[in-house]
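Everything below concerns the one structure shown next.
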Amino acid sequence: MVEENGSIRTLSVDIGGSGVKAMLLDIKGNPLTERARLDTPQPAKPEIVINVINSLADIQGEFDRVSVGFPGVVRGGVTETAVNLDPDWIGFDLATSLSKRLNKPVRVINDADMQGYGAISAKGVELTITLGTGFGSALFVDGKLVPNLEMGHHRFRKGETYEQQLGRATLDIIGDKKWNGRLSKAIASLENLFNYDYLYIGGGEAARVKIELPGNVKIIPNISGLLGGIALWRN
Ligand code: BGC
């Protein structure tokens, strides 16, 4: 079994709306390489993104298996939505295509789900949200994932979704102050809905969070998105 082999290396990949990131992890999920990043190609069509992952894999060195966090709903390795990439991803078998390309086993989950795995304590109800191009969300109960929670496209306020109110495109328009105000309201709304024990906030724009956070809310480093990749190979 692979889990018994201490030298197994996992290539962890995070596909985002603006960048594709990768690093190698050891069997325990510790980083073995520096995180590498390439811009997400435009248009972000499956074959072109796979080329980018292949380039990142080349510079990372030897690995035995691949974990991918994808910014949309993923079921059985197939991507079902991709609002911030390209419609060609709908119904695309990413796990099989990438596995053929890299010649290694590949597992794929939602990017926020993967980021959550990199952050949680596996106790109680834990919610992760990611602030980047899109608004990601992941829910865990005692470490068990409720997959593909799509809070980002759920109605939040003023007839808009969490993603429309808090996504990067909006942040660029409304600026940090207003965005932080909205984030406070979003946290209050999510707390009322989920009554979580912990909320983790990650993603590329988490660094722009300036509000004082409640004790059970924590900013997590962006690298959690890659560190969570090891969880895909746990039994
Ligand atoms: C997608 C989610 C994803 C999030 C962050 C949203 O637009 O629907 O699946 O987790 O963006 O990338």
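When a ligand or atom number is given, it counts from 1 through the structure's own listing order. By convention here, the first residue in the shown sequence is residue 1. Values below: all heavy atoms of this structure, side chains included; hydrogens, waters and symmetry mates excluded.
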Proximity to ligand 1 by part of Asn148, non-hydrogen separation under 4.0 Å: neither
Side chain, backbone, both or neither: the part of Thr81 lying under 4.0 Å from ligand 1 by heavy atom: neither
For the backbone of Gly72 and the side chain of Asn110, can you confirm whether one donor and one acceptor N or O come within less than 3.5 Å of each other? yes
List the closest protein heavy-atom neighbour of [atom]: residue, atom name, distance to the nearest 0.1 Å.
atom: atom 9 (O) of ligand 1; result: Glu150 OE2, 2.5 Å
atom: atom 10 (O) of ligand 1; result: Asp111 OD1, 2.5 Å
atom: atom 6 (C) of ligand 1; result: Glu163 OE1, 3.1 Å

Test applied, side chain to side chain contact (heavy atoms under 4.5 Å, CB included); reference residue, Val209; option that passes from Ile187, Asn180, Val217: Asn180
Glu163 and side chain to side chain contact (heavy atoms under 4.5 Å, CB included): which partner among Arg168, Met151, Glu150, His153? His153
Tyr196: ring pair (Phe, Tyr, Trp, His ring centres under 6.0 Å) partners, not counting sequence neighbours: none
Work out whether the distance between some heavy atom of Gly132 and some atom of ligand 1 is less than 4.0 Å. no
Is there a polar contact, in the sense of an N or O pair closer than 3.5 Å, between Phe70 and ligand 1? no
Would you say ligand 1 has an N or O under 3.5 Å from any N or O of Asn84? yes
Parallel, tilted or perpendicular: which describes the rings of Phe70 and Trp89, with under 30° parallel and over 60° perpendicular? tilted
Fit a plane to each ring of Tyr200 and Tyr198, take the angle between them on a 0 to 90° scale, and name the class: parallel (under 30°), tilted (30 to 60°) or perpendicular (over 60°). parallel
Asp176/Lys178 ion pair, N-O < 4.0 Å: no
Ionic contact status for Arg9 with Asp64, cut-off 4.0 Å: no
Please list, in number order, the atoms of ligand 1 under 4.0 Å from a heavy atom of [X].
X: Asn110; value: 2 (C), 3 (C), 9 (O), 10 (O)
X: Gly136; value: 4 (C), 5 (C), 10 (O)
X: Gly72; value: 9 (O)

